[in-house]
There are 2 protein chains.
Amino acid sequence: MKRSNPEFLNGVPELLILRLLAERPMHGYDLVQSIRRASNEELAFGEGCIYPLLHKLEASGHLSSRREKLDGRSRVVYRVTARGQSRLVETWSEWRRVVQAVNQAIGGAGHACPASA
Amino acid sequence: MKRSNPEFLNGVPELLILRLLAERPMHGYDLVQSIRRASNEELAFGEGCIYPLLHKLEASGHLSSRREKLDGRSRVVYRVTARGQSRLVETWSEWRRVVQAVNQAIGGAGHACPASA
DNA sequence: ATAGATACCTCAAGGTTCGAGGTATGTCAA
DNA sequence: TTGACATACCTCGAACCTTGAGGTATCTAT
């Protein structure tokens with residue numbers, strides 16, 4: 001049951017976009033699907049989230065794009081800029097910092113574990 | 001540099017509140033400080049975030065509260081209800097699911113690691 | 001009475017993702 | 001040629017969350 005502004009997902013699309021595009025340039029539609037595949041179908045972000053983010057990241061100089069023709073289809077392919085690489089480093093570090101801190105706080109609070117999902 | 005709606009923190013205050021209160025009942029002010037301590041000063045949420053959340057969780061039946069007098073001071077002490085325990089299980093599971101999925105997507109995308117912070 | 005510490009409260013602002021609704025461009029079948 | 005379908009892209013209002021600012025209340029000590 002999803003809701004707007006879901007738990008724990010803030011900033012995740014941006015991190016994943018930067019990470020996956022650092023691996024290889026892709027167009028928007030492919031990116032949506034790659035995120036799903038890369039997370040074993042656990043994470044799925046709609047186009048309504050991904051495209052505005054791609055535009056935003058391009059406007060801020062973290063991504064660059066070019067319309068390319070591949071297999072008879074026209075696509076807008078995005079690549080990470082040097083600035084985007086720096087942003088990836090920051091974001092990835094922040095992710096790890098938060099995860100570590102939360103797990104520390106949860107684990108450090110005692111020994112009880114919730115039942116597995 | 002903090003900003004409203006910061007990265008990766010959505011839902012974290014609620015998870016930590018439930019977890020720490022499940023460990024022992026506390027008043028709001030103590031909770032703010034306990035979260036900071038439990039995370040080795042890595043996470044800090046202002047009262048402006050914690051109190052409205054405590055009120056919201058109490059309104060929804062996840063927490064109960066009682067004004068108590070301790071050491072000459074009056075405090076509102078919160079406890080987790082059975083309903084709140086269930087919510088903790090859900091939230092904790094969701095946290096673990098998201099962390100696992102993101103790490104899978106990030107790690108699975110290739111072998112490059114960002115420089116350590 | 002005032003200062004300081006402890007304890008609690010409220011709210012506007014800014015930003016994010018969801019989901020809905022749409023457009024555009026190719027291929028293929030009828 | 002037209003329509004269906006798949007691929008590809010776009011926009012926007014709604015809902016929601018945390019930040020940070022500004023405040024109130026209650027205690028002790030001077």
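Chain letters run A, B, ... following the sequence lines, proteins first, then strands; residues in each count from 1. When reading the values below, keep in mind they use all heavy atoms of this one structure, side chains included, and skip hydrogens, waters and symmetry mates.
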Atom CZ of A:F45 to atom C1' of D:dC10: distance rounded to whole Å?
19 Å
Whole Å only: how far is the CG atom of B:L15 from the C1' atom of D:dT18?
15 Å
Carboxylate-amine/guanidinium contact A:E68 A:R79, below 4.0 Å:
yes
Taking every heavy atom of A:L53 against every heavy atom of A:P13, the minimum-distance pair comes out as CD2-CB, 3.6 Å
Within the structure shown, what part of the strands sits under 4.0 Å from B:R75 by heavy-atom distance: base, sugar-phosphate, or nothing?
sugar-phosphate
Comparing nearest nucleotides in DNA chain D, the 5'-proximal residue of the pair A:E47, A:N5 is A:E47
A:G48 near the nucleic acid: base, sugar-phosphate alone, or nothing, with a heavy-atom cut-off under 4.0 Å?
base
Quick one: label A:E14 by what it contacts on the DNA or RNA (base, sugar-phosphate, nothing), any heavy atom closer than 4.0 Å.
nothing
Rounded to whole Å, the CG-C1' distance (A:L9 to C:dG15) equals 15 Å
Atom pair distance, as rounded to whole Å: CG in B:L31 and P in C:dA7:
13 Å
What's the verdict on salt bridge (charged side-chain N to carboxylate O under 4.0 Å, His left out) for A:E41 and B:R97, showing C-alpha distance, side-chain angles and the deciding distance?
CA-CA 11 Å; A:E41 314 294 333; B:R97 187 189 75 85; over 6 Å; no
Taking atom C1' of C:dT17 as reference, at what distance in whole Å does atom CD of A:E7 sit?
13 Å
Distance check needed: D:dC27 P versus B:L70 CG, whole Å only.
12 Å
To the nearest angstrom, how far is A:Y29 atom OH from C:dT25 atom P?
17 Å
Please confirm whether the backbone N or O of A:K69 pairs with a side-chain atom of A:S74, one donor and one acceptor, at under 3.5 Å?
no
Could you list the residues that satisfy ring-ring contact (aromatic ring centres under 6.0 Å, His included) with A:Y78, not counting sequence neighbours?
none
Checking D:dC9, D:dT18, C:dT25 against the side chain of A:R73 (C-beta onward), the nearest is C:dT25
Give, ordered by number, those residues of residues 50-64 of chain A having at least one heavy-atom distance below 4.0 Å to an atom of DNA chain D; if nothing qualifies, reply none.
A:Y51, A:P52, A:H55
Please report the distance, rounded to the nearest Å, between CZ in A:F8 and C1' in C:dC18.
18 Å
Would you check, one step at a time, whether the test salt bridge (charged side-chain N to carboxylate O under 4.0 Å, His left out) holds for A:R36 with A:E42?
CA-CA 7 Å; A:R36 256 198 1 259; A:E42 286 286 340; over 6 Å; no
Could you check A:K69 against B:R67 and say which one's nearest nucleotide on DNA chain C is further toward the 5' end?
B:R67
Taking only Lys NZ, Arg NE, NH1 and NH2, and the carboxylate oxygens of Asp or Glu, determine whether A:R87 and B:E7 approach each other closer than 4.0 Å.
yes
